[in-house]
Visitor: 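Once you've had a glance at the structure underneath, I'll fire off some questions.
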Amino acid sequence: MHQTYSLLPRDAIVNLRASKIREVANAGIGRSDVLTFWFGEPDEVTPDFIRSAGSDSLARGETFYSHNLGLPELRETVANYLARLHPNPAAPIIADNIAITSAGVNALSLAAQCIVSPGDHVVCVTPLWPNLVEIPKILSANVQCVSLEFGERGWQLDLEKLLSALTPNTKMLMVNSPNNPTGWTLTRDEQQAILARCRQHGIWILADDAYERLVFDGSGCAPSFFDISDANDRLVSANTFSKSWLMTGWRLGWLVAPAPFIEQLGKVIEYNTSCSPVFIQRAGDAAIRGGDAVIARTQTRFLAARDHLCAALNALPGVHAPPPPAAMYAFFKVDGMRDSLAFCKRLVTDYGLGIAPGAGFGDEGEGYLRWCFASELPRLDDGIQRFRAGLAAGC
């Protein structure tokens, strides 16, 4: 008789928190009557010229492997795009700084694999998309969360609190600005102070820049560490085609890092996904080359949706929804809410409304809800009616 062993994976995996967003979504699987605002994606399909670039590639038979780091022409396109957004003679962005990845979250995971070792100290600014907090834990790192603070002006950073957490023992800072779920965005002065502290202690900055183009102040792009960095900074940026170009289902992203980092990253990509599919990369190349109008329209559409939704939410008793400065989410407080997960599940089952529980973004998110407003106004209005009914029944 052989000895019985546990069939579970290692403890770091068992101890990962499951996504509460997915838990709510699973409650609505198979129901066509549910209005879904729980995921961060628009209600529009990918523009036709992007889809055509992908289908044309398939028609040409481009179904083989590509380079680990991505098609050279796409790396060049991404580099030129970023150099246009963030011109900085002290740290010019070129193709050697770019790796193409199979989604933005894959970029984040790959970067963490290259930086973090078991037992390392990692700092995250929260509330935060749970994937970012959990990725270092997969690598057996120790994660410290520094929470934003909610007030009349929305979510704000206690800069001194964050700087105090960045010690000589810190290996990496993970910061998502503009932020999912709050829309909070770093100021230039805050970036300067953070970069100075990370330089002092040799801390890697892993910036999730997925929402840098979805800003509502007319600037067209959020402040970036790229604008103030130099070539010797330990700075890595992850980005995605999902949000700005309406390509969530395509699973395509990129990493920007120092050239020596990118050279080694190719090995890690090989042992993860090997490469991104060529036809998807062709679609991404078309998106960047011809997508300025898509981004401009998206910014205008999301701004109108943000203002419409937040006004409707703020008209409800006990709801506090300051319009976020960026991204695609209203992360709003509901007075008296103690269990946002249970409330969101009840919204799905009883009212056919799918939004995300604040608790899914960390303990500091309890009492809040996240509503993705990347939608047409009539659809938002339908959602508000269902939310009002659910709220009246008690939270």
Visitor: Please determine whether salt bridge (Lys or Arg N to Asp or Glu O under 4.0 Å) holds for the pair D56 and R51, giving the CA-CA distance in whole Å, both sets of side-chain angles, and the decisive distance to 0.1 Å.
Guide: CA-CA 9 Å; D56 289 348; R51 286 182 284 140; over 6 Å; no
Visitor: According to a hydrophobic-cluster definition based on side-chain heavy atoms being under 4.5 Å apart (Ile, Leu, Val, Met, Phe, Trp, Tyr only), do M172 and L110 belong together?
Guide: yes
Visitor: Is there a side chain to side chain donor-acceptor pair (under 3.5 Å) between H121 and N169 once you walk through the steps?
Guide: CA-CA 7 Å; H121 178 233; N169 294 324; over 6 Å; no
Visitor: Got L186 and P223 here, is their nearest side-chain heavy-atom distance under 4.5 Å?
Guide: no
Visitor: Check whether any side-chain heavy atom of T126 sits under 4.5 Å from a side-chain heavy atom of V146, and report yes or no.
Guide: no
Visitor: Would you call T248 and F39 a side-chain contact if the rule is heavy atoms closer than 4.5 Å?
Guide: no
Visitor: Write down the atom of Q281, the atom of G70, and the distance for their closest heavy-atom approach.
Guide: OE1-CA, 3.4 Å
Visitor: Any donor-acceptor pair under 3.5 Å linking the side chain of S19 with the backbone of G360?
Guide: no
Visitor: Answer whether the closest heavy-atom distance between the side chains of F361 and I21 falls below 4.5 Å.
Guide: yes
Visitor: If you take all heavy atoms of P325 and R306, which pair is closest and at what distance?
Guide: CA-NH1, 4.2 Å
Visitor: Examine L85 and I228 and state if one hydrophobic cluster contains both, with Ile, Leu, Val, Met, Phe, Trp and Tyr joined whenever side-chain heavy atoms are less than 4.5 Å apart.
Guide: yes
Visitor: What do the steps show when you test F387 against F332 for ring pair (Phe, Tyr, Trp, His ring centres under 6.0 Å), and what is the final call?
Guide: CA-CA 13 Å; F387 181 73; F332 55 98; 5.7 Å; yes
Visitor: Please determine if K243 and E41 form a salt bridge, counting it only when a charged side-chain N lies under 4.0 Å from a carboxylate O.
Guide: no
Visitor: Could you check E212 against S224 for side chain to side chain donor-acceptor pair (under 3.5 Å), going step by step and ending with a plain yes or no?
Guide: CA-CA 8 Å; E212 71 169 351; S224 170; 4.7 Å; no
Visitor: What verdict does the side chain to side chain contact (heavy atoms under 4.5 Å, CB included) test give for L195 and I205, after you've listed the backbone C-alpha separation in whole Å, the side-chain angles of each residue and the deciding distance to 0.1 Å?
Guide: CA-CA 8 Å; L195 183 58; I205 298 174; 3.9 Å; yes
Visitor: Taking the six-membered ring for Trp, are F331 and Y368 parallel (under 30°), tilted (30 to 60°) or perpendicular (over 60°)?
Guide: parallel
Visitor: Step by step, work out the side chain to side chain contact (heavy atoms under 4.5 Å, CB included) result for S177 and W184.
Guide: CA-CA 7 Å; S177 170; W184 160 78; 4.3 Å; yes
Visitor: Please find out if less than 6.0 Å separates the ring center of W129 from that of Y211.
Guide: no
Visitor: Looking at T185 and G183, would you say the former's side chain and the latter's main chain have a donor-acceptor pair under 3.5 Å?
Guide: yes
Visitor: What is the distance from atom CE of M174 to atom CG of L206, rounded to the nearest 0.5 Å?
Guide: 4.5 Å
Visitor: Grab the two heavy atoms, one from N88 and one from S229, that are nearest each other, plus how far apart they are.
Guide: ND2-O, 2.9 Å
Visitor: Can you confirm if the NZ or CZ of R370 lies within 45° of the ring axis of Y329 and under 6.0 Å from the centre of its six-membered ring?
Guide: yes
Visitor: I'd like to know if the side chain of D189 and the backbone of Q191 have a donor-acceptor N/O pair within less than 3.5 Å.
Guide: no
Visitor: Mind checking whether I288 and I93 sit in one hydrophobic cluster, side chains of I, L, V, M, F, W, Y counted as touching below 4.5 Å?
Guide: yes
Visitor: To the nearest 0.5 Å, how far apart are CH2 in W371 and CG in L380?
Guide: 7.0 Å
Visitor: Do R379 and F373 meet the cation-pi criteria used here (NZ or CZ under 6.0 Å from the six-membered ring centre, within 45° of the axis)?
Guide: no
Visitor: I'd like to know if E366 pairs up with R338 as an ion pair, taking the criterion as any Lys NZ or Arg NE/NH1/NH2 lying under 4.0 Å from an Asp or Glu carboxylate oxygen.
Guide: no
Visitor: Check for a donor-acceptor pair, side chain of N80 on one end and backbone N or O of T77 on the other, with a separation under 3.5 Å.
Guide: no
Visitor: Apply the side-chain hydrogen bond (donor to acceptor under 3.5 Å, both in side chains) test between S237 and each candidate in N97, D208, D209; give the one that qualifies.
Guide: D209
Visitor: Does one hydrophobic cluster hold both F343 and V319, with members joined at side-chain heavy-atom distances below 4.5 Å?
Guide: yes
Visitor: Is a side-chain donor or acceptor of S57 paired with a backbone partner of A53 at a separation under 3.5 angstrom?
Guide: no
Visitor: Is there a side-chain contact between L159 and R197 in this structure, where contact means two heavy atoms from C-beta onward sitting under 4.5 Å apart?
Guide: no
Visitor: As an exercise, state the distance from CZ of R282 to OG of S276, rounded to the nearest 0.5 Å.
Guide: 11.5 Å
Visitor: Would I262 and R75 satisfy side chain to side chain contact (heavy atoms under 4.5 Å, CB included), going step by step from the backbone distance to the final call?
Guide: CA-CA 12 Å; I262 294 294; R75 294 173 70 195; 4.0 Å; yes
Visitor: Look up atom CZ in R386 and atom CG in L347, then write down how far apart they are to the nearest 0.5 Å.
Guide: 11.0 Å
Visitor: Check whether any side-chain N or O of T240 sits under 3.5 Å from a backbone N or O of S242 as a donor-acceptor pair, and report yes or no.
Guide: yes
Visitor: Within the 4.5 Å heavy-atom criterion, are F150 and T182 side-chain neighbours or not?
Guide: no
Visitor: Measuring from T101:OG1 to L252:CG, what's the distance to the nearest 0.5 Å?
Guide: 7.0 Å
Visitor: For C275 and S102, which heavy atoms make the closest approach, and how far apart are they?
Guide: O-OG, 3.8 Å
Visitor: How many angstroms lie between CG in D158 and CD in E190, if you round to the nearest 0.5 Å?
Guide: 10.0 Å
Visitor: Going by an N to O cut-off under 4.0 Å, is there a salt bridge joining E73 and R289?
Guide: no
Visitor: Indicate yes or no: does E23 engage R17 in a salt bridge with an N to O separation below 4.0 Å.
Guide: no
Visitor: If you apply the rule side chain to side chain donor-acceptor pair (under 3.5 Å), what do you find for Q385 with R388, and how did you get there?
Guide: CA-CA 5 Å; Q385 290 182 3; R388 182 185 295 110; over 6 Å; no
Visitor: Is any side-chain heavy atom of V278 closer than 4.5 Å to a side-chain heavy atom of Y65?
Guide: no
Visitor: Can you see which heavy atom on P323 is nearest to which on C310, and at what distance?
Guide: CA-SG, 3.8 Å
Visitor: Look at D43 together with R301 and state whether they make a salt bridge at an N to O cut-off of under 4.0 Å.
Guide: yes
Visitor: Shared ILVMFWY cluster between L69 and L255, side chains joined below 4.5 angstrom?
Guide: yes
Visitor: Would you kindly say whether S219 and D217 are connected by a side-chain donor-acceptor distance under 3.5 Å?
Guide: yes
Visitor: Check this for me: R153, atom CZ, are more than 12 non-hydrogen atoms of other residues, nucleotides or ligands nearer than 6.0 Å?
Guide: no
Visitor: Assess whether atom CG of D350 is packed by more than 12 heavy atoms of other residues, nucleotides or ligands within 6.0 Å.
Guide: yes
Visitor: Is it true that atom CZ of R22 has more than 12 heavy atoms of other residues, nucleotides or ligands lying nearer than 6.0 Å?
Guide: no
Visitor: Are any of the side-chain heavy atoms of L82 and W254 separated by less than 4.5 Å?
Guide: yes
Visitor: Working note: T46 + W245, criterion side chain to side chain donor-acceptor pair (under 3.5 Å); need CA distance, chi angles, decisive distance, verdict.
Guide: CA-CA 7 Å; T46 305; W245 295 282; over 6 Å; no
Visitor: Counting distance only, does the side-chain N/O of T298 pair as donor-acceptor with the main-chain N or O of V294 below 3.5 Å?
Guide: yes
Visitor: What are the two closest non-hydrogen atoms of V236 and A257, and how far apart are they?
Guide: CG2-CB, 4.0 Å
Visitor: Indicate yes or no for a side-chain donor-acceptor contact from R213 to the backbone of G220 under 3.5 Å, with no hydrogens or angles considered.
Guide: yes
